[in-house]
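The figures here come from the full heavy-atom set of this structure, side chains too, leaving out hydrogens, waters and symmetry mates. Order of the sequence lines sets the chain letters (A, B, ...), proteins ahead of strands, with each chain counted from 1.
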2 protein chains.
Amino acid sequence: MAAPRSLYLEDIAVGDRFVSGEHALDADQIKAFAAQYDPQPFHLDEAAAEGSLFGGLAASGWHTAALTMKLFVSAVPVAEGLIGAGVEVTWPKPTRADDILHTESTVTEITPSRSRPGRAMVTIETLTLNQSGETRQRLVSRVVMFARAQG
Amino acid sequence: MAAPRSLYLEDIAVGDRFVSGEHALDADQIKAFAAQYDPQPFHLDEAAAEGSLFGGLAASGWHTAALTMKLFVSAVPVAEGLIGAGVEVTWPKPTRADDILHTESTVTEITPSRSRPGRAMVTIETLTLNQSGETRQRLVSRVVMFARAQG
């Protein structure tokens, strides 16, 4: 669906889906992120990665997560901003240098706040997929959303 | 505890703790990460952040997570590398520009693989704390660990 400028609680329902644009990864990006945040050989060096559990250069899972956020933010323009209270992340397969990533997000649960009217906790499942439809990451986020101001 | 060079399954037990070094954050780092991965006003601009739910400039949760990985990798030198199968993350309070972060990791569970002898799934809880001992992130990771090669 085409995303409106700002999403309020009234604008979403369980089952709604949001598909992002794409991000083309490459080995330089993988190594630059890893050098700063996850300096392990299998994220930094092709030869070292060959002999690792990954069997080749793989992006840090946190790099996949950060790129997912970039795509997710542009695809799901939540009013007041996308603020996560908590997340679960799994990485079923490593992200590779030739991956072109996009995200597909689905609203799975909406729980209105009892103490604060006009506010809800919204659960969104976001799959990060490559150009062949292979899942690189599954993210479940709990996000705060607001109703439009009354009056 | 002082971390040995390479941790194998035989080297750890439930209850073991690992404390990292420190990372001093600042506003420029927060904005640089946000510009690339989480370009929302409350991560990019002090004035815009004042009026947000955060009430002031806050680091992206994914930035806190990435910095946590940097500290965690140096503090817990798992043999064959720190490879996460899945994680749960919560951010009880926003990370701020004047935070000096460190991590405290505790082994909470060790589950030997039934199908692959010499391998186990190890659950590690990692708290990311600032210089006042305030928790900025709670991370629960499931990590693959190996026994020393026999013979």
Side-chain angles (χ1 to χ4, degrees), chain A residues 23 29 32-45 48-49 51-55 58 60-74 76-94 116 119 137-146, chain B residues 23 29 32-45 48-49 51-55 58 60-74 76-94 116 119 137-146:
Chain A
H23 179 95
Q29 293 173 53
F33 185 98
Q36 201 166 0
Y37 299 113
D38 191 351
Q40 302 193 83
F42 38 68
H43 300 320
L44 289 167
D45 181 80
S52 77
L53 202 64
F54 291 122
S60 168
W62 301 106
H63 191 189
T64 304
L67 290 170
T68 295
M69 188 63 184
K70 178 195 145 186
L71 296 166
F72 186 31
V73 163
S74 67
V76 189
V78 167
E80 311 295 329
L82 204 44
I83 297 180
V87 298
E88 290 168 38
V89 191
T90 52
W91 296 285
K93 295 272 182 183
R116 299 181 188 183
R119 193 183 281 209
Q137 180 182 283
R138 178 173 178 270
L139 165 70
V140 177
S141 324
R142 288 177 297 111
V143 169
V144 187
M145 285 190 67
F146 299 91
Chain B
H23 179 95
Q29 292 172 53
F33 184 97
Q36 202 166 358
Y37 299 113
D38 190 352
Q40 303 194 84
F42 38 68
H43 300 319
L44 288 168
D45 181 80
S52 77
L53 202 64
F54 290 122
S60 169
W62 301 105
H63 191 190
T64 304
L67 290 170
T68 295
M69 189 63 185
K70 178 195 145 182
L71 295 166
F72 186 31
V73 163
S74 67
V76 189
V78 167
E80 310 296 327
L82 205 44
I83 298 180
V87 298
E88 290 169 39
V89 191
T90 52
W91 297 285
K93 295 271 183 186
R116 298 181 189 182
R119 194 183 280 210
Q137 181 182 282
R138 179 174 177 270
L139 165 71
V140 178
S141 322
R142 286 176 299 111
V143 169
V144 187
M145 284 189 68
F146 299 91

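For B/His63, the part sitting under 4.5 Å from any heavy atom of chain A is the side chain, from C-beta outward, and nothing else. In this structure, chain B has no heavy atom under 4.5 Å from any part of A/Leu71. Interface remark: A/Ile83 contributes side-chain atoms only to the contact with chain B (heavy atom separation under 4.5 Å). If you measure heavy-atom distances from B/Ala66 to chain A, the contacts under 4.5 Å come from both the backbone and the side chain. When heavy atoms are compared at a cutoff of 4.5 Å, B/Glu80 approaches chain A solely by way of its backbone atoms N, CA, C and O. When heavy atoms are compared at a cutoff of 4.5 Å, B/Arg138 does not approach chain A at all. Looking at B/Val89, both its backbone and its side chain come within 4.5 Å of chain A, counting heavy atoms on both sides. No part of B/Phe72 comes within reach of chain A, as not one of its non-hydrogen atoms sits under 4.5 angstrom from that chain.
Heavy-atom pairs under 4.5 Å with chain A were tallied for B/Phe33, B/Phe54, B/Trp62; the largest tally goes to B/Trp62.
From A/Gln29, atom CD reaches atom CD of B/Gln36 across 8.0 Å, with rounding to the nearest 0.5 Å.
Counting heavy atoms from C-beta outward, A/Thr90 and B/Arg142 have side chains that approach closer than 4.5 Å. Between A/Val73 and B/Tyr37 the shortest side-chain heavy-atom distance does not fall below 4.5 Å.
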